[in-house]
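A quick write-up on the structure given underneath.
Read the numbers this way: they start at 1 and go in the same order the structure lists the ligands and their atoms. FYI, the numbering just counts along the sequence from 1. What you see is a predicted model; the values in this text were computed from it and never measured.
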Amino acid sequence: MPTALLRAIADTFDRAIVSGEGRAPDPNRARVEHAVYRQALLDAGYEIEVLPADDAHPDCVFIEDTAVVIGSQVVATRPGEPSRRGEVREVIEHLSGRAPVSRIEAPGTVEGGDVMILGERLFVGMSRRTNRDGIDQLRRVAESQGLSVTAVPVDGVLHLKSGVRPIDDRTVVVTPGTVDETLLSGLRIVHEPSHERHAFSALPMSNGKVLVAASAPDTTSLIVDLGANVLPIDVSEIQAADGGLTCLSILIDDPRSQTNARTTQ
Ligand code: CIR
């Protein structure tokens, strides 16, 4: 059975890192959104495991950033944001029963939001949070698991998957200007329309449905036209803290990895 590992929302979530002029997110409203997200994964057939929140780490709900599952290997990340490094230990303790663990070591940094696995290809964002040394370490693990690795410089957004969201293993929704699209060769690219810039978020689930943020209906229509079977949910408090749908879970849904999306058509 596919498994989704989640982490509860800290009472301190209103102090989560917020970029730019953003507002503080509300922990209680975020808990309602998180419950709906959890139910959607349950309905999709995932077994749900939820780690307790850590109030010393306001961003701990964004569990994706702490660990990456690549084939038979778990990679413990080393977040580029120093205040988030303390989130990794408990997640890895939980996952270490499942698979061997390798670790990103200093001076390398990697956050899971920068890692996108589509079929046999792993794309990794070179961002404010993931550096070249971390990418080199991740590359060694990915190549040992038979994946090819493409490093993608990321501009103006937090992570690779803030600007490039997988819909299935050959389709992505891209916010124009955030990446050099020639690095995504072979993929079908849908552009997020400018009036919904940065509003779209998606999580392909193992039952073939794609969870999408309700905040971007026109972008959602574009992927529905391509055959995606979508389920919109409100995640506005999660988005207020610069989060999206992938960052709330680590999906272990097949021998390959957490982000190994299914083809929608
Ligand atoms: C941060 O700045 O680290 C959090 N407020 C947001 C992290 C979102 N993570 C993700 O999309 N993978």
Side-chain angles (χ1 to χ4, degrees), residues 4-27 29-30 33-34 37 51 53-70 75-88 91 104 109-117 122-131 134-135 138 152 154 156-166 172-175 178-179 192 198-204 211-213 215-216 233 235-251 257-259 261:
L5 180 61
L6 279 61
R7 192 155 196 185
I9 293 178
D11 288 340
T12 53
F13 185 57
D14 56 343
R15 283 185 253 140
I17 302 164
V18 172
S19 64
E21 307 277 290
R23 65 179 173 88
D26 179 273
R29 287 210 300 268
E33 296 173 2
H34 201 243
Y37 177 86
L51 295 179
D54 174 359
D55 289 341
H57 292 98
D59 284 288
C60 68
V61 71
F62 301 123
I63 190 169
E64 166 185 63
D65 293 322
T66 61
V68 180
V69 181
I70 304 177
V75 178
T77 68
R78 181 169 180 271
E81 167 54 49
S83 69
R84 296 199 56 198
R85 289 185 189 148
E87 297 172 28
V88 174
V91 178
I104 302 298
T109 63
V110 170
E111 293 192 3
D114 276 313
V115 182
M116 178 173 79
I117 301 173
L122 183 148
F123 298 88
V124 53
M126 203 180 299
S127 70
R128 293 192 300 260
R129 301 286 183 89
T130 295
N131 67 17
I135 291 171
L138 190 72
V152 181
V154 173
V157 284
L158 182 60
H159 292 128
L160 174 65
K161 285 187 289 190
S162 321
V164 181
R165 302 74 156 192
V172 289
V173 172
V174 174
T175 302
T178 56
V179 295
E192 185 185 50
H198 303 313
F200 183 73
S201 180
L203 177 70
L211 210 54
V212 293
S215 50
I233 64 169
V235 279
S236 43
E237 295 308 308
I238 299 297
Q239 289 171 311
D242 296 333
L245 289 165
T246 63
C247 59
L248 299 175
S249 58
I250 295 172
L251 301 185
S257 98
Q258 90 223 46
T259 44

Which heavy atom of Arg78 sits nearest to which heavy atom of Ile104, and what is that distance?
CB-O, 3.6 Å

For atom 4 (C) of ligand 1, what is the nearest protein heavy atom, given as residue, atom name and distance?
Asp59 OD1, 3.1 Å

Per the side chain to side chain contact (heavy atoms under 4.5 Å, CB included) rule, which among Glu81, Arg85, Arg129 passes with Thr109?
Arg85

Should Ala16 be listed as contacting ligand 1, given a heavy-atom distance under 4.0 Å as the test?
no

Where on Arg84 is there a heavy atom closer than 4.0 Å to ligand 1, on the side chain, on the backbone, on both, or on neither?
side chain

Relative to atom 6 (C) of ligand 1, which among Ser19, Gly113, Ala241 owns the nearest non-hydrogen atom?
Ala241

Check each atom of ligand 1 against the heavy atoms of Glu64 and keep those under 4.0 Å away; list them by number with element.
10 (C), 12 (N)

Could an N or O of ligand 1 be found under 3.5 Å from any N or O of Thr246, whether backbone or side chain?
no

Classify the contact between Ile17 and ligand 1 as side chain, backbone, both or neither, using a heavy-atom distance cut-off of under 4.0 Å.
both

Consider every N or O of Glu111 and every N or O of ligand 1, then say whether any pair is closer than 3.5 Å.
no

Within the 3.5 Å criterion, strictly below it, is a donor on Glu87 or Thr66 matched to an acceptor on the partner's side chain?
no

I need the atoms of ligand 1 closer than 4.0 Å to a non-hydrogen atom of His159, numbered in the order shown.
9 (N), 10 (C), 11 (O), 12 (N)

Minimum-distance protein heavy atom relative to atom 9 (N) of ligand 1
Asp65 OD2, 2.8 Å

Quick one: are His159 and Asp242 in side-chain contact, heavy atoms under 4.5 Å?
no

Quick one: which of Arg129, Gln239, Glu81, Lys161 has a heavy atom closest to atom 1 (C) of ligand 1?
Arg129

Can you tell me the protein heavy atom closest to atom 10 (C) of ligand 1 and the distance?
Cys247 CB, 2.9 Å

Mind checking whether Val152 and Val164 have side chains closer than 4.5 Å, heavy atoms only?
no

Show which atoms of ligand 1 fall inside a sub-4.0 Å distance from at least one heavy-atom site of Asp242.
6 (C), 8 (C)

Arg7 and Ser249: side chain donor to acceptor below 3.5 Å:
no

Salt bridge or not for Lys161 and Glu64, using N-O below 4.0 Å?
yes

Can you tell me if Ser201 and Gln239 form a side-chain donor-acceptor pair at under 3.5 Å?
no

Determine yes or no for a side-chain-to-main-chain donor-acceptor pair under 3.5 angstrom, with Asp55 supplying the side chain and Asp11 the backbone.
yes

